There are 2 protein chains.
Amino acid sequence: MNAAADRLKQARDEFVAQWGALGTQWGINRTMAQIHALLMITPEPMTTDEVMQELEISRGNAHSNLKELVAWGLIRVVVKKGERREFFEAEKDVWQIFIIVARERKRREIEPALAILHKCAEESREIDTPDGHAFHKQMRQLEEFVGFTSKMADQISSMKHGLALQLAAKLLG
Amino acid sequence: MNAAADRLKQARDEFVAQWGALGTQWGINRTMAQIHALLMITPEPMTTDEVMQELEISRGNAHSNLKELVAWGLIRVVVKKGERREFFEAEKDVWQIFIIVARERKRREIEPALAILHKCAEESREIDTPDGHAFHKQMRQLEEFVGFTSKMADQISSMKHGLALQLAAKLLG
DNA sequence: CATAATTTTCAATAAATACTGAAAATTCAG
DNA sequence: CTGAATTTTCAGTATTTATTGAAAATTATG
């Protein structure tokens with residue numbers, strides 16, 4: 001009987017493929033999302049070669065995306081004794097994954113926006129015309145709001161899963 | 001004296017250019033982000049030709065990105081009496097902008113993920129092997145968490161600015 | 001209606017991004 | 001040290017995404 005094994009393989013393959021397709025929407029490349037998906041559903045750490053084989057991708061591609069995922073903190077390198085090769089395993093805790101993604105997005109999307117808004121608000125501070133005032137005000141409003149969002153993200157990211165859950169329950173209740 | 005006007009022009013141009021560069025990170029194209037930035041800081045509604053001229057882009061490009069922004073709800077068409085051309089103006093309220101972006105992201109990023117997770121969880125429900133159980137559990141956990149996030153996003157999006165502010169204050173306090 | 005203004009479409013092209021594969025560099029074991 | 005295993009780099013290529021510009025379609029005006 002290998003019906004069960006076959007069905008499982010099919011379900012796993014589908015998850016990896018679809019998650020990869022989604023990655024595009026998320027602003028990360030397909031391969032990175034696929035590798036992440038693959039490692040999330042693989043109990044044992046995998047080698048670069050295993051990843052290459054499973055996803056049918058080149059060594060260079062596997063390598064660079066594995067490194068990128070390590071840089072994000074979504075996967076880690078595992079060294080096995082008696083093994084020279086590096087193994088990779090995914091962070092599997094959903095709250096942890098959420099925090100990592102939230103932090104990275106904040107760093108890449110919110111912080112640069114805040115910097116621009118702050119600079120433009122500063123540069124227009126003393127332009128003493130009606131248009132100048134309007135522009136300055138608009139920049140200030142945006143800066144204030146984005147700064148607020150940034151602080152919120154930090155706050156939530158620093159929560160323990162349980163605490164976040166409590167807050168959420170209250171919000172949804 | 002036009003020093004003030006010059007400084008303002010420079011600040012505005014910088015904002016548009018930088019916001020456009022940021023757009024790339026946000027998963028929207030540069031032009032769309034630039035047009036949005038331009039309209040956010042322009043008090044009077046603008047025509048397609050004015051946008052083309054200001055950003056030095058083609059008609060086709062201006063047209064399709066204006067339509068896309070209208071579809072998002074970030075800008076609206078304004079008709080002026082005695083004018084045949086369409087004018088466009090941006091939503092300027094920051095909370096409103098936030099909600100629109102949040103909704104769109106939920107629709108494009110969270111909902112498809114949820115659908116995949118649900119499907120994979122279903123398909124693995126009855127695979128009666130240890131590996132099958134592990135996969136199913138992983139899918140269930142992810143589905144639950146993403147579903148949760150989805151509900152939270154709805155909840156926050158439906159809040160009035162003031163209420164959201166209160167919540168945030170409590171969180172940050 | 002005719003026609004001029006305006007909007008919309010879309011094939012061709014350009015630009016940005018991702019991937020391959022092989023060579024170079026590094027690491028480790030004997 | 002030597003050489004095999006492994007990791008890293010990167011020039012070339014492929015793929016995807018964005019933009020142009022001109023033609024077609026639509027819409028308002030006299």
Side-chain angles (χ1 to χ4, degrees), chain A residues 16-39 45-72 75-89 104 108-109, chain B residues 16-39 45-72 75-89 104 108-109:
Chain A
V16 170
Q18 302 262 62
W19 203 253
L22 255 190
T24 309
Q25 306 285 41
W26 277 75
I28 65 176
N29 72 52
R30 189 196 329 284
T31 305
M32 186 168 151
Q34 283 180 341
I35 295 178
H36 184 226
L38 177 62
L39 289 175
M46 295 178 82
T47 63
T48 303
D49 283 283
E50 285 167 343
V51 170
M52 286 168 60
Q53 196 171 339
E54 183 67 30
L55 302 180
E56 302 183 47
I57 59 176
S58 72
R59 181 172 304 284
N61 194 11
H63 175 77
S64 59
N65 283 296
L66 281 166
K67 285 290 129 121
E68 185 75 6
L69 283 164
V70 170
W72 277 56
I75 68 176
R76 348 167 223 286
V77 177
V78 176
V79 285
K80 290 193 179 182
K81 56 184 174 183
E83 271 286 5
R84 188 162 155 190
R85 296 170 297 174
E86 289 184 326
F87 288 73
F88 300 92
E89 75 175 1
E104 187 66 17
R108 300 207 298 176
E109 299 178 359
Chain B
V16 170
Q18 303 262 63
W19 203 254
L22 255 189
T24 309
Q25 307 283 42
W26 278 74
I28 66 176
N29 73 53
R30 188 195 331 285
T31 306
M32 184 169 156
Q34 282 180 341
I35 295 178
H36 184 226
L38 177 61
L39 290 174
M46 296 178 83
T47 63
T48 302
D49 284 298
E50 287 168 342
V51 170
M52 286 168 60
Q53 198 172 337
E54 183 68 30
L55 301 179
E56 302 183 49
I57 57 175
S58 72
R59 182 172 305 284
N61 194 11
H63 175 76
S64 58
N65 283 296
L66 281 165
K67 286 292 130 122
E68 185 76 7
L69 283 164
V70 170
W72 277 56
I75 69 176
R76 342 168 228 288
V77 176
V78 176
V79 285
K80 291 193 179 183
K81 55 183 174 184
E83 272 285 8
R84 187 162 156 189
R85 296 170 298 174
E86 289 185 324
F87 289 74
F88 300 91
E89 75 175 2
E104 188 66 18
R108 301 207 297 176
E109 300 176 358

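Keep in mind the model is a prediction, meaning the values are calculated, not measured. A, B, ... follow the sequence lines: proteins, then strands. Residue 1 opens every chain.
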Here the distance between atom C1' of dA12(C) and atom CZ of R59(B), to the nearest Å, is 19 Å

Without decimals, in angstroms, what is the distance between N61(A) CG and dA22(C) C1'? 15 Å

Just how far, in rounded Å, is C1' of dC19(C) from CZ of R30(A)? 11 Å

Is it the case that atom CD in E83(B) sees more than 12 heavy atoms from other parts of the structure closer than 6.0 Å? yes

Go nucleotide by nucleotide along DNA chain C from the 5' end; which of G27(A) and G60(A) gets its closest nucleotide reached first? G27(A)

Rounded to whole Å, how long is the line connecting atom CG of L55(A) with atom P of dA18(C)? 17 Å

Rounded distance in Å - CG (L66(A)) to C1' (dC19(C)): 14 Å

Separation between NE2 (H36(B)) and CG (N65(B)), nearest 0.5 Å, reads 12.5 Å

Nearest whole Å is fine: how far is dT27(C) P from E86(A) CD? 11 Å

Got a second to check how far E50(B)'s CD is from T47(B)'s OG1, nearest 0.5 Å? 3.5 Å

Would you please confirm or rule out a distance under 4.0 Å between OP1 or OP2 of dT17(C) and any side-chain N or O of N29(A)? no

Answer with base, sugar-phosphate or nothing: what part of the nucleic acid does R85(A) contact at a heavy-atom distance below 4.0 Å? sugar-phosphate

Between T31(A) and dC19(C), does any side-chain N or O lie under 4.0 Å from OP1 or OP2? yes

Could you give the NE2-to-P distance, from H63(A) to dA22(C), as a whole number of Å? 17 Å

Leading and trailing nucleotides of DNA chain D with any atom under 4.0 Å from heavy atoms of chain A: dA4(D) to dT17(D)

How many angstroms lie between atom CG of L38(A) and atom CE of M46(A), to the nearest 0.5 angstrom? 4.5 Å

Output for pair (N29(B) CG, Q34(B) CD), nearest 0.5 Å, gives 9.0 Å

Note: for R84(A) and D49(B) on DNA chain C, the residue whose nearest nucleotide lies more 5' is D49(B)

On DNA chain D, nearest-nucleotide positions of I28(B) versus S64(A): which is more 5'? S64(A)

How long is the gap from CG on D49(A) to CZ on R85(A), to the nearest 0.5 Å? 7.0 Å

Sorted by chain and residue number, the side chain to side chain contact (heavy atoms under 4.5 Å, CB included) partners of T24(A) (sequence neighbours excluded) come out as R30(A)

Give the rounded distance in Å between these two atoms: NZ of K67(B) and P of dC10(C). 15 Å

Between I57(B) and T48(A), who's closer to the 5' end of DNA chain D by nearest nucleotide? T48(A)

